[in-house]
Amino acid sequence: MKTMTMTLAKPMVPTMDLTGTRPLSTLSNRAETSVATCPGSAVCDADDDDYHPETNPQGVCGLDVAENLLMRDYLLQHIERHYPVRLSSQSLTYPNGGAGSQRLKAAMARFLNRSWNPIRAIEPGHLTLTNGVSTALEQLAWGLLDPGDGILLAQPYYGNLVAHVSLRVGATVVPVSFEQSIDPFSLSAVSAYRLALTTWEQSTGKRVRAILLCHPHNPLGRCYPSNMIQALMQLCQEHQMHLISDEIYSLSQWQNPIDNVPSTPFQSVTTINTSGIIDPHRVHVLWGLSKDFGANGLRVGAIVSQSSQQLHSALGRLSWYSFVAGPSDMAATNLLEDDEFTAHYLKLNSQRMRAAFVTAARFLRDNRIPYRRGPHAGVFLWVDLGMRFCELHPRERMGSWDLNREISERLQVQKVMLAPGELFGAQTPGWFRLVFTHPEWYLEEALRRIVVALS
């Protein structure tokens with residue numbers, strides 16, 4: 001198991017021209033701009049210094065990357081035993097159509113129909129497949145947004161979403177902030193979306209063209225209720241916007257027995273009858289194998305758009321740059337066609353995620369480290385290390401972003417990695433995202449190091 005350490009891109013050092021008198025850039029203007037203005041474009045550096053109690057007790061505990069390691073060995077053993085990937089001649093040629101093999105599209109459509117129970121059955125023709133959901137979002141943004149267009153995204157948010165829609169597409173993320181008294185998953189939050197939209201459009205003279213939902217939410221771990229989604233659909237229709245629902249964690253739900261907070265079961269956007277609410281060609285969903293099946297490396301993502309064949313036709317022009325590799329196509333197809341195993345896998349995964357959450361939540365509670373209560377989906381907790389740190393070090397103040405730097409440096413000394421709130425558009429300092437889906441022995445050591453770092 002490798003540790004992925006999040007490192008912000010380093011500033012470029014300009015090259016001098018032949019006279020040695022002035023800087024000479026070797027990059028395009030867009031490349032220079034991306035380094036300076038895209039906070040979500042973090043670089044992942046893999047190393048082999050991962051903690052193990054016997055072979056590497058001084059190694060790094062990485063709780064910063066959103067991966068589910070609870071089921072990895074189980075999945076690998078099943079694949080090796082029941083359907084090992086045997087390459088065919090088709091695997092060594094270009095895919096048929098570029099946007100996913102017909103067999104994989106059929107398998108995924110059938111799997112999603114079983115898993116989501118959409119109001120209208122998903123057909124293979126409703127899917128464009130890509131090498132990962134990150135690529136799917138970028139290509140969908142390319143198909144729906146022009147450079148300079150705005151896209152609404154609620155705070156806090158998964159930071160790399162900013163890069164996916166802005167780095168090459170050129171769209172602008174418009175953050176939606178909420179007052180402390182407003183639950184971002186409630187109907188009262190819709191007014192914050194409207195305010196962000198009108199304020200940005202009036203100040204820039206540009207248009208907001210879409211709302212992007214992380215559903216279930218990253219990093220808050222909650223699902224949007226149906227009435228909230230319908231209200232956002234109505235807002236989209238009113239302003240001729242698209243609704244994009246990133247449902248990559250849709251099957252990663254678990255019971256929360258700690259917080260005593262009512263949870264909203266996941267309901268895919270595809271289950272909502274859009275009649276009289278929004279034009280169906282304005283509704284799009286993203287899904288992939290990365291999170292629900294703990295298979296980031298397979299690179300299989302999907303754009304589900306049930307009422308816009310024109311969009312799929314346009315995206316087909318990009319498929320040369322994003323098609324799913326032959327071996328991944330075969331592995332994903334075999335997996336999604338195995339109804340009995342996938343049902344058992346998802347049930348066992350939910351049980352293991354619940355147990356890992358309980359371990360993390362009880363440890364944090366016992367050590368007086370608050371987290372945002374009520375998560376029940378996804379692989380992370382949104383934790384407030386700043387409050388506990390300031391309790392232990394009264395001279396520190398919560399209002400400064402230097403607080404995050406101080407805590408991050410202390411975590412680094414203890415060789416435990418968390419993702420800081422700046423990467424997630426946090427409105428106040430002190431917040432970090434903690435990924436808990438690790439084996440118990442690994443998770444407990446990482447949590448112990450966090451407590452040491454704060455002391």
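In this chain, numbering begins with 1 at the start of the sequence shown. In what follows, every heavy atom counts, from backbone to side chain, and hydrogens, waters and symmetry copies are set aside. Values in this document were obtained by computation on a predicted structure and should not be read as measured data.
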Enquirer: Could you tell me whether D183 and R222 make a salt bridge, using a distance below 4.0 angstrom between a side-chain N and a carboxylate O?
Expert: yes

Enquirer: Mind checking side chain to side chain donor-acceptor pair (under 3.5 Å) for N117 and listing every partner two or more places apart, or none if nothing turns up?
Expert: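 By the side chain to side chain donor-acceptor pair (under 3.5 Å) rule, N117 matches no residue at all.
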
Enquirer: Heavy-atom distance under 4.5 Å between the side chains of L140 and L311, does that happen here?
Expert: yes

Enquirer: Quick one: does D146's side chain have a donor or acceptor within less than 3.5 Å of a partner on D149's backbone?
Expert: no

Enquirer: Holding to ring pair (Phe, Tyr, Trp, His ring centres under 6.0 Å), I want the full list of residues that pass it with F363, two or more places apart in sequence or in another chain.
Expert: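 Residues passing ring pair (Phe, Tyr, Trp, His ring centres under 6.0 Å) with F363: none at all.
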
Enquirer: Going by ring pair (Phe, Tyr, Trp, His ring centres under 6.0 Å), name the residues that satisfy it together with H284, two or more places apart in sequence or in a different chain.
Expert: H242

Enquirer: For D329 and A325, indicate whether the former's side chain and the latter's backbone hold a donor-acceptor pair under 3.5 Å.
Expert: no

Enquirer: Checking L213 against L243 for the side-chain contact (heavy atoms from CB on, under 4.5 Å) test, could you report, in this order, the C-alpha distance in whole Å, the side-chain angles of both residues, the deciding distance, and whether it holds?
Expert: CA-CA 8 Å; L213 292 183; L243 181 70; 4.2 Å; yes

Enquirer: Listed by chain and number, what are the ring pair (Phe, Tyr, Trp, His ring centres under 6.0 Å) partners of H52, not counting sequence neighbours?
Expert: W441

Enquirer: Residues in side chain to side chain donor-acceptor pair (under 3.5 Å) with T264, at least two apart?
Expert: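 With neighbours one apart ignored, the set is empty.
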
Enquirer: Please tell me if the side chains of I211 and M241 come closer than 4.5 Å, counting only heavy atoms from C-beta onward.
Expert: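 The answer is yes; the side chains approach within 4.5 Å.
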
Enquirer: Side chains of L454 and I369: does their closest heavy-atom pair fall under 4.5 Å?
Expert: yes

Enquirer: Might you point out which heavy atoms bring V300 and A332 nearest each other, and give the distance in Å?
Expert: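 Minimum heavy-atom contact is CG2-CB, 4.1 Å.
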
Enquirer: Using the test side chain to side chain donor-acceptor pair (under 3.5 Å), find all partners of S177 that sit at least two apart in sequence or belong to another chain.
Expert: none

Enquirer: Look at the aromatic rings of F266 and H215 and report parallel, tilted or perpendicular, splitting at 30° and 60°.
Expert: tilted

Enquirer: Would you check, one step at a time, whether the test side-chain contact (heavy atoms from CB on, under 4.5 Å) holds for I303 with L137?
Expert: CA-CA 8 Å; I303 297 167; L137 175 56; over 6 Å; no

Enquirer: Check for a donor-acceptor pair, side chain of S268 on one end and backbone N or O of T271 on the other, with a separation under 3.5 Å.
Expert: no

Enquirer: Looking only at heavy atoms, which two atoms of W401 and A426 are closest? And how far apart?
Expert: CH2-O, 3.4 Å

Enquirer: Which residue pairs satisfy the salt bridge (charged side-chain N to carboxylate O under 4.0 Å, His left out) criterion with at least one member in residues 100-115, sequence neighbours excluded?
Expert: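 Passing the test, one end in residues 100-115: R103-E337, R110-D339, R114-D339.
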
Enquirer: Locate the shortest heavy-atom distance separating T199 from L195; write the atom from each residue and the value.
Expert: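 Nearest heavy atoms, T199 then L195: OG1-O, 2.8 Å.
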
Enquirer: Could you check whether Y158 and W382 have their ring centres less than 6.0 Å apart?
Expert: no

Enquirer: Does Q412 have more than 12 heavy atoms from other residues, nucleotides or ligands lying within 6.0 Å of its CD?
Expert: no

Enquirer: Does the H312 side chain pair with the main chain of Q309, one donor and one acceptor, at a distance under 3.5 Å?
Expert: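 A pair under 3.5 Å: no.
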
Enquirer: Is there a side-chain contact (heavy atoms from CB on, under 4.5 Å) between M417 and L411 once you walk through the steps?
Expert: CA-CA 6 Å; M417 307 301 297; L411 292 172; over 6 Å; no

Enquirer: Might you point out which heavy atoms bring V269 and M233 nearest each other, and give the distance in Å?
Expert: CG1-CE, 3.5 Å

Enquirer: Are N68 and Y249 linked by a side-chain donor-acceptor pair shorter than 3.5 Å?
Expert: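 No, no side-chain donor-acceptor contact under 3.5 Å.
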
Enquirer: Does anything in residues 187-197 pair up under side chain to side chain donor-acceptor pair (under 3.5 Å), and if so which pairs, sequence neighbours excluded?
Expert: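 Sorted result for residues 187-197: S186-S188, R194-E238.
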
Enquirer: Does any part of the side chain of I450, heavy atoms only, come nearer than 4.5 Å to the side chain of L434, both counted from C-beta?
Expert: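 Yes; the side chains approach each other to less than 4.5 Å.
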
Enquirer: Taking only residues two or more places apart in sequence or in another chain, which ones pass side chain to side chain contact (heavy atoms under 4.5 Å, CB included) with Q414?
Expert: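 In terms of side chain to side chain contact (heavy atoms under 4.5 Å, CB included), with neighbours along the sequence ignored, Q414 is linked to V416, R449, V452, A453.
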
Enquirer: With distance as the sole criterion, is a donor-acceptor pair present between the side chains of W200 and S203 under 3.5 Å?
Expert: no

Enquirer: Any chance the side chains of Q202 and T198 put a donor and an acceptor closer than 3.5 Å?
Expert: no

Enquirer: Are S250 and W116 linked by a side-chain donor-acceptor pair shorter than 3.5 Å?
Expert: yes

Enquirer: Is there side-chain contact between L112 and V304, with at least one heavy-atom pair below 4.5 Å?
Expert: yes

Enquirer: Are the aromatic ring centres of Y224 and F185 under 6.0 angstrom apart?
Expert: yes

Enquirer: Is there a donor-acceptor pair under 3.5 Å between the side chain of Q237 and the backbone N or O of D279?
Expert: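 Judged by distance alone, yes, a pair lies under 3.5 Å.
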
Enquirer: Using the ring pair (Phe, Tyr, Trp, His ring centres under 6.0 Å) criterion, which residues pair with Y345? Sequence neighbours excluded.
Expert: F293, F341

Enquirer: Determine whether a donor-acceptor pair (N or O, by modelled atom type, separation under 3.5 Å) exists between the side chain of Q267 and the backbone of S226.
Expert: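 It does not hold such a pair.
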
Enquirer: So which heavy atom on P184 is nearest to which on L220, and how close?
Expert: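 Where P184 meets L220 most closely, the heavy atoms are CG-CD1, 4.3 Å.
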
Enquirer: Is R209 reaching over with its side chain to a backbone N or O of L145, donor-acceptor style, under 3.5 angstrom?
Expert: no

Enquirer: Could you tell me whether a side-chain N or O of S101 sits under 3.5 Å from a main-chain N or O of L104, the two making a donor and an acceptor?
Expert: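 Yes.
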
Enquirer: Please list, chain by chain and in numerical order, all residues satisfying side chain to side chain contact (heavy atoms under 4.5 Å, CB included) with E201, sequence neighbours excluded.
Expert: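 In terms of side chain to side chain contact (heavy atoms under 4.5 Å, CB included), with neighbours along the sequence ignored, E201 is linked to L197, R207, V208.
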
Enquirer: Any sub-3.5 Å donor-acceptor pair from R317's side-chain atoms to S313's backbone N or O?
Expert: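 Yes, because the side chain of R317 sits within donor-acceptor range (under 3.5 Å) of the backbone of S313.
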
Enquirer: Counting C-beta onward and ignoring hydrogens, is there a side-chain heavy-atom pair between Q155 and F178 closer than 4.5 Å?
Expert: no

Enquirer: Should the ring pair F323 and W320 be called parallel, tilted or perpendicular, given that the plane angle runs from 0 to 90° and is split at 30 and 60?
Expert: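 It falls in the perpendicular class, over 60°.
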
Enquirer: Is there a donor-acceptor contact under 3.5 Å linking the side chains of S245 and E247?
Expert: yes

Enquirer: Do R410 and E406 pass the salt bridge (charged side-chain N to carboxylate O under 4.0 Å, His left out) test, and can you show the C-alpha distance, the side-chain angles, and the key distance before you say yes or no?
Expert: CA-CA 6 Å; R410 286 169 170 261; E406 172 69 17; 2.8 Å; yes

Enquirer: Can you confirm whether the side chains of W287 and D292 place a donor and an acceptor under 3.5 Å from each other?
Expert: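 Looking only at side-chain atoms, D292 and W287 do form a donor-acceptor pair, the distance falling under 3.5 Å.
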
Enquirer: Against F436, only a single residue in W254, Y371, Y442 fulfils ring pair (Phe, Tyr, Trp, His ring centres under 6.0 Å); can you say which?
Expert: W254

Enquirer: List in chain and number order the residues that pass side chain to side chain donor-acceptor pair (under 3.5 Å) with T172, two or more places apart in sequence or in another chain; answer none if no residue qualifies.
Expert: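 T172 satisfies side chain to side chain donor-acceptor pair (under 3.5 Å) with no residue once adjacent residues are dropped.
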
Enquirer: Testing N296, N218, L251 one by one against K291 for a side chain to side chain contact (heavy atoms under 4.5 Å, CB included), which residue passes?
Expert: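 Considering N296, N218, L251, a side chain to side chain contact (heavy atoms under 4.5 Å, CB included) with K291 is found only for N296.
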
Enquirer: Would you say N131 and T135 are linked by a side-chain donor-acceptor pair, where the criterion is simply a distance under 3.5 Å?
Expert: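 Per modelled atom types, T135 and N131 side chains form a pair under 3.5 Å.
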
Enquirer: Take L298 and V324 through the side-chain contact (heavy atoms from CB on, under 4.5 Å) test and state the conclusion after the steps.
Expert: CA-CA 9 Å; L298 280 183; V324 179; over 6 Å; no

Enquirer: Measure from the side-chain N and O atoms of N404 to the backbone N and O of G430, and report whether any donor-acceptor pair falls under 3.5 Å.
Expert: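 Yes; at least one donor-acceptor contact below 3.5 Å.
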
Enquirer: Do T130 and Q139 get their side chains close enough for a donor-acceptor pair, meaning under 3.5 Å?
Expert: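 Checked: T130/Q139 side chains show no N/O donor-acceptor pair below 3.5 Å.
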
Enquirer: Taking all atoms of both residues into account, what is the closest heavy-atom pair of P280 and S307, and its distance?
Expert: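 For P280 and S307, the tightest heavy-atom pair comes out as CB-OG, 3.4 Å.
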
